[in-house]
There are 2 protein chains.
Amino acid sequence: MTSMTAARTTSADRPQPGLRERKKIKTRQAIRTATYALIEEQGYDATTVEQIAERAEVSPSTVFRYFPTKEDIVITDEWDPVMMAELRARPEDESWADVLKHVMRTALDLSLAEEPEVTRLRTRLGVEVPAVRARMMESMAATGRLLREALAERSGLDPDSLELRVFAMSVMGGLMEVSQYWAETGHRDDIRELVDRALDVLEHGLPTGKP
Amino acid sequence: MTSMTAARTTSADRPQPGLRERKKIKTRQAIRTATYALIEEQGYDATTVEQIAERAEVSPSTVFRYFPTKEDIVITDEWDPVMMAELRARPEDESWADVLKHVMRTALDLSLAEEPEVTRLRTRLGVEVPAVRARMMESMAATGRLLREALAERSGLDPDSLELRVFAMSVMGGLMEVSQYWAETGHRDDIRELVDRALDVLEHGLPTGKP
DNA sequence: CCATGAAATGAGAGTAGCTCTCAAAATATA
DNA sequence: TATATTTTGAGAGCTACTCTCATTTCATGG
């Protein structure tokens, strides 16, 4: 977020963002890579920020300069802008469930293609480490706020109305559960199918309810 | 939890639970009261566990013996068993939305009658303090697991199925948003009406969707 | 009423996440 | 090359939280 606004200072878009920016990206990535490796070796709780800093060859202060909390090193992703753009690009007459299916599929395909192991590790930590799960839920709530902006545009409803807020958060709650389910069952299923099934539930209610 | 199992050691149920149990309850209450008072005076972050211990006239160790985290001192409530009992007691043919309306109403009436200020303070902290909100969401997820057990009994669905899990969590997500909304709007509305409206959204979808 | 066993408490040391400050180093700019 | 700005590292400090062990408080049986 910060880097995006700081990117264009005064000059036009340069292909090379300058040494400073490049180093920052490298440092950020080094910290995340070190964190993932250490967690795989020792588990989350046993991994201290000091160890992360050491392996990433930076000081502990620097780690906290890049990530506000230890959990954020794990869960931070940058798909929100992509998802929102995709969301607004969907045709006007498409049902919200179909819209979300497309959007989620796009985000998941990107994420799984780019770093499949990390995607799985993250969801697993979401199950195993309460602090990580909590941070995920926070991030989910933030995405929910974005979602309801977009849904407000589509539907013409007030984005601050209780109804839209409840709706958006219930969708996000359901999607969060998909992530938990996927990880708890050992990532056996195709998560995109799980998402589709979840959105079917949210759209049509539970199946096999007495008619 | 611990106290409940330890309650009946060998003798029959006594009206007076013994001096030890009574003292424990008093200590627990003293800690919570001290916490609420200090938070009102100074805010959440500025209130340290040491201060809480001092005002409650116990040692800091004792505070952590009674509550696993500082957030738990604030958010712990004991309505889950009540709600579950109420849930199972509803007539078989009632819709799940109506069931939940009744259950939530019962819980809210109890909570508001017993300690209205605390109920409001809690929801307010859920908006203002990320750590408290996170803990609330955890507790919400736990309630969601109970909810899906009960819903499984009613519907005959597998409690571990993705569908039921998604459904239960989406309901809890929606209810969580009600709490946020209520606090953000200064507790102006009747929260029981808000709950009803939220459950209507969850049952019938958003209003004014194009037909 | 007293002795014995069990539970609750307090004191204190220790860990680790996180914040803040300030000086040194790296980079951009002129 | 000189100067201004940004980034970093070192270190001190706070606090939530854990663990251990001695002391106190309550329960129980004689």
Side-chain angles (χ1 to χ4, degrees), chain A residues 2-3 5-11 14 16-31 35 38-39 42-75 129-132 134-135, chain B residues 2-12 14 16-31 35 38-39 42-75 129-132 134-135:
Chain A
T2 316
S3 56
T5 56
R8 71 178 76 85
T9 35
T10 169
S11 66
R14 218 180 307 167
Q16 282 288 66
L19 179 55
R20 226 155 220 174
E21 303 301 317
R22 267 179 291 155
K23 258 200 156 173
K24 265 164 66 168
I25 293 174
K26 267 176 85 173
T27 302
R28 193 180 171 85
Q29 199 50 46
I31 293 172
T35 305
L38 283 166
I39 288 179
Q42 319 172 334
Y44 182 87
D45 288 327
T47 300
T48 72
V49 174
E50 225 171 322
Q51 293 174 326
I52 294 171
E54 193 179 351
R55 182 164 307 195
E57 301 191 280
V58 294
S59 76
S61 338
T62 300
V63 174
F64 285 113
R65 227 176 248 117
Y66 278 78
F67 299 94
T69 73
K70 188 175 141 189
E71 298 94 58
D72 281 278
I73 310 177
V74 174
I75 67 107
V129 185
V132 172
R135 193 62 195 71
Chain B
T2 316
S3 56
M4 303 197 89
T5 54
R8 68 177 78 87
T9 35
T10 168
S11 66
R14 216 179 308 167
Q16 282 285 67
L19 180 54
R20 222 154 224 177
E21 303 300 317
R22 266 179 292 156
K23 258 201 157 174
K24 265 164 65 168
I25 293 173
K26 267 176 86 173
T27 302
R28 193 179 172 86
Q29 200 50 45
I31 293 172
T35 305
L38 284 166
I39 288 178
Q42 318 173 333
Y44 182 86
D45 288 328
T47 301
T48 72
V49 174
E50 225 170 322
Q51 293 174 329
I52 294 170
E54 193 179 350
R55 183 165 304 197
E57 302 193 280
V58 294
S59 75
S61 338
T62 300
V63 173
F64 285 113
R65 232 177 242 116
Y66 279 78
F67 299 93
T69 72
K70 187 174 140 189
E71 298 95 59
D72 281 277
I73 309 178
V74 174
I75 67 106
V129 185
V132 172
R135 193 62 196 75

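First the proteins, then the strands, lettered A, B, ... as listed; each starts at 1. Computed from a predicted structure; not experimentally measured.
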Short heteroatom pairs, N/O only, protein and nucleotides 16-18 of chain C, under 3.5 Å:
| unit_1 | atom_1 | unit_2 | atom_2 | d |
| --- | --- | --- | --- | --- |
| C:dG17 | OP1 | A:K70 | NZ | 3.3 |
| C:dG17 | OP2 | A:V49 | N | 3.3 |
| C:dC18 | OP2 | A:K70 | N | 2.7 |

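Taking CD1 of B:I31 as the start and CZ of B:F67 as the end, the distance is 5.5 Å to the nearest 0.5 Å.
By the side-chain contact (heavy atoms from CB on, under 4.5 Å) test, A:A30 pairs with A:A56, sequence neighbours left out. With sequence neighbours excluded, the residues forming a salt bridge (charged side-chain N to carboxylate O under 4.0 Å, His left out) with A:R28 are A:E78, listed by chain and number. Residues that satisfy the side chain to side chain donor-acceptor pair (under 3.5 Å) test with A:T47, not counting sequence neighbours, are A:Q42.
Whole-Å rounding puts the A:Q51 CD to C:dT15 P distance at 14 Å. The distance from atom CD1 of B:I31 to atom P of D:dC17 is 13 Å, rounded to the nearest whole Å. When rounded to the nearest whole Å, the span between NZ of A:K26 and P of C:dA26 equals 15 Å. Taking atom CZ on B:R28 and atom C1' on C:dA8, their separation rounds to 15 Å, with Å as the unit.
Not one N or O on the side chain of B:E21 forms a donor-acceptor pair closer than 3.5 Å with the backbone of B:G18.
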Contact state string [nucleotides 7-13 of chain D, B base, S sugar-phosphate only, - no protein heavy atom under 4.0 Å]: SBBBB--

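Across B:Y44 and B:K70, no two heavy atoms sit closer than the pair O-NZ, 3.2 Å.
Within the structure, salt bridge (Lys or Arg N to Asp or Glu O under 4.0 Å) pairs that include any residue of residues 42-69 of chain A comprise A:E41-A:R55 (at least two apart or interchain).
Side chains of A:I73 and A:V63 form a contact here, defined as non-hydrogen atoms less than 4.5 Å apart.
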